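Presented below is the structure to which this report refers.
Quantities reported herein were computed from a predicted structural model and do not represent experimental measurements. Per chain, numbering begins at 1; letters A, B, ... match sequence-line order.
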Amino acid sequence: MPRYQALRGTRDILPGEVEKWQRVERIARALLDRYGFREIRTPIIEPTELFVRSVGGSTDIVRKEMFTLVLSEDSVSLRPEGTAPVVRAFVQAGLDRVAGADRLYYIGPMFRYERPQKGRQRQFHQIGVEVIGSDDPLVDAETIEMLLYLLEELGVSETSLALNSVGDAVCRPGYREALRAYLAPRLALLCADCNRRYEENPLRVFDCKVETCRGELAAAPAMLDHLCEDCRRHFDSVRSYLDRFGIEYMIDPRLVRGLDYYVRTAFELLSEQLGAQNSLMGGGRYDGLVKEMGGKDLPGFGWALGLERLMMLLPADRAEATASADILIAPLDAPARTAAALAARTLRRAGVRVLLEAGERSLTSHLRRADRLGVPLVLIIGEQEVAAGGYTLRDMRSGEQRPVPVSELTRLAEEILREA
RNA sequence: GUGAGUGUAGCUCAGUCGGUAGAGCUCCUGACUGUGGAUCAGGCGGCCGUGGGUUCGAGCCCCACCACUCACCCCA
């Protein structure tokens, strides 16, 4: 075992895998751009209070999953999610007065102190989007449509969309009491966790996986039956748009997201292939959060996609053995090195990807390396070439060789770039 | 925090009845001193997770700890 290793729940993304991440990010950025989203980068560390106020003091995330650091007076935490920091930045910079800054996206690491398992790490990555300033149900639908389009572009299938409305400040309190009233006489039959939930956050009982609890909850009142008029209309409208987009979804009256700021629309994308953590991403509406963060009373909508989980769903790496270079330069002895370095410099400045071999190597060894690395061309420089004032170019695919005078390096570069 | 499983070479794994370690793959080198792939040969690479115990002797048996994996809670 190495003396040092990555901390529990963190890991390195090594060459060979990182290309996969780059591809996902490239596709995502291009697609988000098409929908008018602009990137925002916020610190990964924020005042602890920010998350307590937004995510909610009684949520698991805040209660036991934050990496919190107390330095003298200040308590700061690594961000466990991305929405609160973005809203904070939005308010701080007054982005509501900046044209085109109401649709934002971020890509980056999040941190939660949990026991790692399949699909769960302490440092994980998310792509998230936020639309701030509109409560139009079309925003909900359009943003969900964008998400599904993104997954389509990435080649992810076999996911299912779960949709719910969790009400708002008008109707949820009433529903909460109705649920409590239903649960109260049944507490003795429910598990210890559900008893705790009854006290802290009754809606969470729907997360319980204990059979007896599920049985008791079968006839429990549903939020959907307690929506106020505005929430009902909003939800119906979102559904109507999704239907028109031809998007399939299932209504899950038990869907409750793990953050307190959600109102009205809440949704998740599930996959069977993720192990016990079957949620690929989650999102919803958060009208009221901007005001809570000290800004104007602006509504908001957003989602966040777990990148590690996404990677698990990506089609098998078609081991695209992308050659690491267009040409390998092979000096055969010490005197040839300078000529080799100069050739490398010229080609690189012309835009060619060049591997310049250092150290003593036989020609056999150079060619073997080019072959192993999948580099299609080798520029040989030995005694003969130095004497002739040029190079020998070998095409590894055909085995053909031809002399290349120093003066024709630039033309060679053009030739290589044309092929690539 | 709780439970179960697993720790031997960079990777995947053998290792018999307890006798101080092996294979395949990868990497490097060589096979008429300037020509790759196939083949062959060789080389690099191990505190057998760590520390104790039993034993003449421990990769193997016992104990503790650590790490990893999966699961619970909950979530991305």
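Nucleotides B/U55 and B/U12 have their C1' atoms positioned 34 Å apart, rounded to a whole Å. For the C1' atoms, the distance linking B/U39 with B/G45 amounts to 24 Å, nearest Å. Comparing the P positions of B/U8 and B/A14 gives a spacing of 10 Å, expressed to the nearest Å. With both ends at atom P, the span from B/C25 to B/C62 equals 35 Å, rounded to whole Å. Taking the C1' atom of each, B/C65 and B/G7 are spaced 14 Å apart, rounded to whole Å. Taking atom P on both nucleotides, B/G15 is separated from B/C44 by 26 Å, rounded to a whole Å. As rounded to the nearest Å, B/U16 and B/U6 have C1' atoms that lie 22 Å from one another. Look at the P atom in both B/A9 and B/G3: the space between them is 29 Å, to the nearest Å.
Counting non-hydrogen atoms of neighbouring residues, nucleotides and ligands closer than 6.0 angstrom, the CD atom of A/E383 reaches no more than 12 such neighbours.
Residue A/L163 comes nearest to A/I144 through the heavy atom pair CD1-CD1, 4.5 Å, listed as atom of the first residue, atom of the second, then distance.
When A/R8, A/R120, A/R63, A/K64 are each tested for a salt bridge (Lys or Arg N to Asp or Glu O under 4.0 Å) with A/E114, only one passes: A/R120.
Across the protein-nucleic acid pair, A/E17 atom CD and B/G10 atom P stand 20 Å apart, rounded to whole Å. Between the CG atom of A/L151 and the C1' atom of B/A76 there is a distance of 13 Å, given to the nearest Å. As rounded to whole Å, 12 Å separates atom C1' of B/G10 from atom CG of A/L14. One atom, CG of A/L313, and another, P of B/A76, lie 16 Å apart when rounded to the nearest Å. Across the protein-nucleic acid pair, A/L7 atom CG and B/A67 atom P stand 11 Å apart, rounded to whole Å. For the pair A/D333 CG and B/G34 P, the computed distance is 10 Å after rounding to whole Å. What separates NE2 of A/H366 from C1' of B/U35 is a distance of 12 Å, to the nearest Å. As a whole-Å value, the separation of A/L363 CG from B/G34 P is 8 Å.
The list of side chain to side chain donor-acceptor pair (under 3.5 Å) pairs with a residue in residues 149-162 of chain A, not counting sequence neighbours, reads A/R34-A/Y149.
A/E39 has a carboxylate O that lies under 4.0 Å from a charged side-chain N of A/R41, or vice versa, which qualifies the two as a salt bridge.
Under the 3.5 Å distance criterion, with hydrogens and angles disregarded, no donor-acceptor pair is assigned to the side chains of A/Q401 and A/T392. Of the N and O atoms on the side chains of A/E130 and A/Y286, at least one donor lies less than 3.5 Å from an acceptor on the other residue. Side-chain N/O atoms of A/S75 and A/E49 include no donor and acceptor closer than 3.5 Å.
Stretches of at least 3 consecutive Watson-Crick or G-U wobble pairs, with each checked distance under 3.5 Å, appear in RNA chain B as B:1-7 with B:66-72, B:10-13 with B:22-25, B:27-31 with B:39-43, B:49-53 with B:61-65.
Here A/A276 lies in heavy-atom contact (under 4.0 Å) with a base. Heavy atoms of A/M281 sit under 4.0 angstrom from primed sugar atoms or phosphate atoms, though from no base atom. Counting any heavy atom pair closer than 4.0 Å across all strands shown, A/R361 reaches sugar-phosphate atoms only and no base atom. At a threshold of 4.0 angstrom between heavy atoms, the contacts of A/L259 are confined to the sugar-phosphate backbone, with no base atom among them. Heavy atoms of A/R115 sit under 4.0 angstrom from at least one base atom. Nucleic acid contact for A/R369: sugar-phosphate only, since backbone atoms but no base atoms lie under 4.0 Å from a heavy atom of the residue. Heavy atoms of A/L280 sit under 4.0 angstrom from primed sugar atoms or phosphate atoms, though from no base atom. Nucleic acid contact class of A/E81 (heavy atoms, under 4.0 Å, all strands): none. At a threshold of 4.0 angstrom between heavy atoms, the contacts of A/T59 with the nucleic acid are absent. Using a 4.0 Å heavy-atom criterion, one finds that A/R372 contacts the sugar-phosphate atoms exclusively.
The side chain of A/R368 sits closest to B/U29 out of B/U29, B/A76, B/U35. Candidate nucleotides B/C75, B/U29, B/G34 were compared by shortest atom distance to the side chain of A/Q277, and B/C75 ranks first. When each of B/C73, B/U35, B/U69 is scored by its nearest atom to the side-chain atoms of A/Q117, the top-ranked nucleotide is B/C73. With distances taken from any side-chain atom of A/Q384 to the nucleotides B/G34, B/G30, B/C75, the minimum falls on B/G34. Nearest to the side chain of A/L367, among B/G36, B/A76, B/C68, sits B/G36. Closest to the A/D371 side chain, of the nucleotides B/U69, B/U29, B/G36, is B/G36. Listed nucleotides B/C68, B/G36, B/C73 differ in distance to A/R8; the shortest reach to its side chain belongs to B/C68.
The phosphate of B/G30 (OP1 or OP2) has a side-chain N or O of A/S362 nearer than 4.0 angstrom. Proximity of A/R394 to the phosphate of B/G36: no side-chain N or O atom is located under 4.0 Å from OP1 or OP2.
The aromatic rings of A/F67 and A/Y113 sit perpendicular to each other, their planes meeting at more than 60°, with 30° as the lower class boundary.
Side-chain to base pairing of A/E114 with B/A76: one donor and one acceptor N or O lie within less than 3.5 Å of each other. Side-chain atoms of A/E385 and base atoms of B/G34 include a donor and an acceptor less than 3.5 Å apart.
Taking a 4.0 Å limit (strictly below) on heavy-atom distances, residues 397-405 of chain A reaches RNA chain B at A/G399, A/Q401.
Contact annotation: the side chain of A/L147 never approaches that of A/V129 to less than 4.5 Å [non-hydrogen atoms, C-beta and beyond].
Ranked by how close their nearest RNA chain B nucleotide is to the 5' end, A/R122 and A/M396 are led by A/M396.
Geometrically, A/R180 engages A/Y198 in a cation-pi contact, judged by NZ or CZ lying under 6.0 Å from the ring centre and within 45° of the ring axis.
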